[in-house]
Amino acid sequence: MAVARGGAIGAAGALLCHLPADLKHFKALTMGHTIVMGRKTFESFPHGPLPGRQNVVVTRNTGYCAPEGVAVVHSLAEAVEAATMPGEVMVIGGAQIYREALPMVGTLHLTRIEAEFEQADTFFPEINASEWHIDGEEERHEADGRNPFAYSFVTLRRK
């Protein structure tokens, strides 16, 4: 997940900013895996399901219809059971799904965006730093012509 200062992850149902390096990193991390998301996150994708990944949507709406090839489930436990791709099941948002999944996950892949967004209305749940250790961190990348904010990629593992 891309997290700005203060834990901000979204505004008005969208990402906080367009950061191509983060999108490329996200694609590399999730390709070939099952990705689990809430309905609102799924519906925010401009081109439908993300290719090369098993898309699983969690919704309370028992009548929800998704495009062919997208699994629709009604709980996080069902999402994990529905996973058919090898490797990690990756939770990709939104905030409600993150809150529910956080106690169960062992790894967090973060893109830390070094900016504040006053319009932010969606936040990543607070994590207890004593439960996690940094397992990997790339050097800070400065803002450039394509990426308007400084950022770094960090992997946290549960202790």
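All values below come from the heavy atoms of this structure, side chains included, with hydrogens, waters and symmetry mates left out. Remember, it's a predicted structure, so these values are computed and weren't measured experimentally.
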The reported gap from CZ in Phe124 to CG in Leu110 (rounded to nearest 0.5 angstrom) is 6.5 Å
Does some side-chain heavy atom of Leu102 sit less than 4.5 Å from a side-chain heavy atom of Leu108?
yes
Parallel, tilted or perpendicular: which fits the ring planes of His141 and Phe153, with parallel below 30° and perpendicular above 60°?
tilted
From the list Val72, Val57, Thr59, Val58, side-chain contact (heavy atoms from CB on, under 4.5 Å) partner of Phe42 resolves to Val57
State yes or no: do Val89 and Tyr98 share one hydrophobic cluster built from I, L, V, M, F, W and Y residues joined by side-chain heavy-atom distances below 4.5 Å, directly or via other members?
yes
To the nearest 0.5 Å, atom CZ of Phe26 lies from atom CG of Leu15 at 9.5 Å
### Query
Got a salt bridge between Glu131 and Lys159, using NZ or NE/NH1/NH2 to carboxylate O under 4.0 Å?
no
Output for pair (Arg39 CZ, Asn61 CG), nearest 0.5 Å, gives 7.0 Å
Exercise for review: Measure the shortest side-chain to side-chain distance between Arg112 and Tyr151 over non-hydrogen atoms and say whether it is less than 4.5 angstrom.
Suggested key: no
Margin query: Are the side chains of Ser152 and Glu137 in contact, using a 4.5 Å heavy-atom criterion?
Written below: yes
### Query
Is atom CD of Glu88 surrounded by more than 12 heavy atoms (other residues, nucleotides or ligands) closer than 6.0 Å?
yes
Worksheet item: Would you say Thr30 and Leu50 make side-chain contact, with heavy atoms under 4.5 Å?
Response: no
Between His33 and Gln54, is any pair of side-chain heavy atoms under 4.5 Å apart?
no
- prompt: Are Ile9 and Val154 connected in a single hydrophobic cluster, I mean Ile/Leu/Val/Met/Phe/Trp/Tyr linked by side-chain heavy atoms less than 4.5 Å apart?
  reply: yes
Donor-acceptor contact present, side-chain Thr41 to main-chain Gly94, <3.5 Å: yes
> Are His74 and Tyr64 close enough, and set up right, to give a side chain to side chain contact (heavy atoms under 4.5 Å, CB included), and what steps lead you there?
Replying inline: CA-CA 10 Å; His74 306 293; Tyr64 185 73; 5.7 Å; no
Heavy atoms of Ala11 and Asp121 approach each other most closely as CA-OD1, 3.2 Å
inquiry  = Test side chain to side chain contact (heavy atoms under 4.5 Å, CB included) on Ile134 and Leu156; report intermediate values, then the result.
reply    = CA-CA 5 Å; Ile134 295 176; Leu156 302 175; 3.5 Å; yes
Q.
Hydrophobic cluster membership, with links at side-chain heavy-atom distances under 4.5 Å among I/L/V/M/F/W/Y: are Met37 and Val70 in one?
A. yes
Arg146 and Asp144 have their tightest heavy-atom pair at N-OD1, 2.8 Å
Interatomic distance, CZ@Arg99 vs CZ@Phe123, rounded to 0.5 Å, equals 11.5 Å
| task | Please test Met1 against Ile92 for side chain to side chain contact (heavy atoms under 4.5 Å, CB included), starting from the C-alpha separation and ending with a verdict. | result | CA-CA 7 Å; Met1 77 266 349; Ile92 65 166; over 6 Å; no
Margin query: Using a strict threshold of under 4.0 Å (side-chain N to carboxylate O), is an ion pair present between Glu142 and Arg140?
Written below: yes
Between Arg158 and Val105, is there a donor-acceptor pair closer than 3.5 Å when you use the side chain of the first and the backbone of the second? yes
When every non-hydrogen atom of Ala4 is compared with those of Ala115, the smallest separation belongs to CB-O, 3.4 Å
Thr122 and Ala95 have their tightest heavy-atom pair at CG2-CB, 3.5 Å
When rounded to the nearest 0.5 Å, the distance separating NE2 of His109 from OG1 of Thr111 is 10.5 Å
| task | Start with the C-alpha gap between Val56 and Ile35, add the side-chain angles, then the distance that decides, and say whether side chain to side chain contact (heavy atoms under 4.5 Å, CB included) holds. | result | CA-CA 6 Å; Val56 179; Ile35 55 174; over 6 Å; no
All heavy atoms of Trp132 vs all of Gly106, minimum pair found to be CZ3-O, 3.6 Å
Check: Should we say atom CD of Glu126 is surrounded by more than 12 heavy atoms from elsewhere, each under 6.0 Å from it?
Finding: no
For Ala120 and Leu16, the nearest pair of non-hydrogen atoms, with its separation, is CB-CD2, 3.9 Å
Is the closest side-chain heavy-atom distance between Leu76 and Val36 below 4.5 Å?
yes
**Report entry** Side chain proximity check, Arg53 to Met90, heavy atoms < 4.5 angstrom
**Finding:** no
One should read off an interatomic distance between Lys40 NZ and Ile97 CD1, to the nearest 0.5 angstrom, of 11.0 Å
The residue among Asn147, Ile113, Asp22 that forms side-chain contact (heavy atoms from CB on, under 4.5 Å) with Cys17 is Ile113
